[in-house]
Amino acid sequence: QVQLVESGGGLVQAGGSLTLSCAASGRTLSSYAMAWFRQAPGKEREFVSGRGWSGGTTYYADSVKGRFTLSRDNDKNTMYLQMNSLKPEDTAVYSCVAGWGVQTLHHYSEYDYWGQGAQVTVSS
């Protein structure tokens, strides 16, 4: 069993930065695909960024490309999402996910483990 715990959310002004962390316990995640999803009130959950188990290419939603950076520290079993130039439309609950055998990173249903979510609020 894997437990994922997000931290680093909060309130920030537009143009500011935040870094989310996703700490995993219970199993080494180096062989898992991992990703960030977000869900704003009244909206569908959307893929933000993800990377497969083998590393390689990191994928980003068009809405965050150039502003957000995903990184993983396998030694610490932790994934990060550096968010710069934040906009009010980035306001959402951000969740990290991990999965074994994920074929399509942006398909939420393919993941096996989910964190509890971290609130990010960007004021204008």
**Report entry** Side-chain donor/acceptor of Glu6 to backbone N/O of Cys22, under 3.5 Å
**Finding:** no
Report task. Indicate, with yes or no, if Leu70 and Leu4 share a hydrophobic cluster defined by side-chain heavy-atom contacts under 4.5 Å among Ile, Leu, Val, Met, Phe, Trp and Tyr. Result -> yes
Query raised in the report: Between Tyr111, Tyr94, Trp114, which is the residue that forms a ring pair (Phe, Tyr, Trp, His ring centres under 6.0 Å) with Phe37?
Result: Tyr111
**Report entry** salt bridge (Lys or Arg N to Asp or Glu O under 4.0 Å) pairs, two or more places apart, involving residues 108-120
**Finding:** none
Query raised in the report: Side-chain heavy atoms under 4.5 angstrom apart, residues restricted to Ile, Leu, Val, Met, Phe, Trp, Tyr: same cluster for Tyr60 and Val120?
Result: yes
Query raised in the report: Can you name the nearest heavy-atom pair linking Ala14 to Ser124, along with the distance?
Result: CB-CA, 4.3 Å
Report summary line: When rounded to the nearest 0.5 Å, the distance separating CD of Gln1 from OG of Ser25 is 9.5 Å
Requested in this report: Please lay out, stage by stage, how Leu11 and Gln119 fare under the test side-chain contact (heavy atoms from CB on, under 4.5 Å).
Outcome: CA-CA 8 Å; Leu11 173 64; Gln119 177 69 48; over 6 Å; no
Report summary line: So OG of Ser85 and CZ of Phe68: to nearest 0.5 Å the spacing works out to 9.0 Å
Query - Rounded distance [0.5 Å steps], CG in Asn77 versus CE in Met79 - result: 11.0 Å
Query raised in the report: Side chains of Ser123 and Gln13: do they bring a donor and an acceptor to under 3.5 Å?
Result: no
Query raised in the report: How long is the gap from CD on Gln82 to CG on Leu18, to the nearest 0.5 Å?
Result: 8.5 Å
Query raised in the report: Would you say the ring centroid of Phe47 lies under 6.0 angstrom from that of Tyr59?
Result: no
Query raised in the report: Between atom OG1 of Thr19 and atom CG of Leu81, what is the distance when rounded to the nearest 0.5 Å?
Result: 8.0 Å
Report task. Please answer whether the main-chain N or O of Ala23 pairs with a side-chain N or O of Thr78 as donor and acceptor at a distance below 3.5 Å. Result -> no
Query raised in the report: Pairs in or reaching into residues 13-38: which pass salt bridge (Lys or Arg N to Asp or Glu O under 4.0 Å), with residues at least two apart or in two chains?
Result: Arg38-Glu46, Arg38-Asp90
**Report entry** Within residues 7-33 or reaching into it, pairs that qualify as ring-ring contact (aromatic ring centres under 6.0 Å, His included) - sequence neighbours excluded
**Finding:** Tyr32-Trp100
Query raised in the report: If you measure from CE on Met34 to CZ on Arg51, what distance do you get to the nearest 0.5 Å?
Result: 10.5 Å
Query raised in the report: Are more than 12 heavy atoms from other residues, nucleotides or ligands located less than 6.0 Å from atom NZ of Lys43?
Result: no
Query - Closest non-hydrogen atom pair between Thr91 and Ala40, with its separation - result: O-CB, 3.5 Å
**Report entry** Atom of Val64, atom of Val48 and distance for their closest heavy-atom approach
**Finding:** CG2-O, 3.6 Å
Requested in this report: Quick one: closest heavy-atom pair of Gly8 and Leu20, and the distance?
Outcome: C-CD2, 3.6 Å
Requested in this report: Indicate the atoms forming the closest heavy-atom contact of Gly115 with Ser95, along with that distance.
Outcome: O-OG, 4.4 Å
Requested in this report: Work out which heavy atom in Thr58 is nearest to a heavy atom in Ser49; give both atom names and the distance.
Outcome: CG2-OG, 3.6 Å
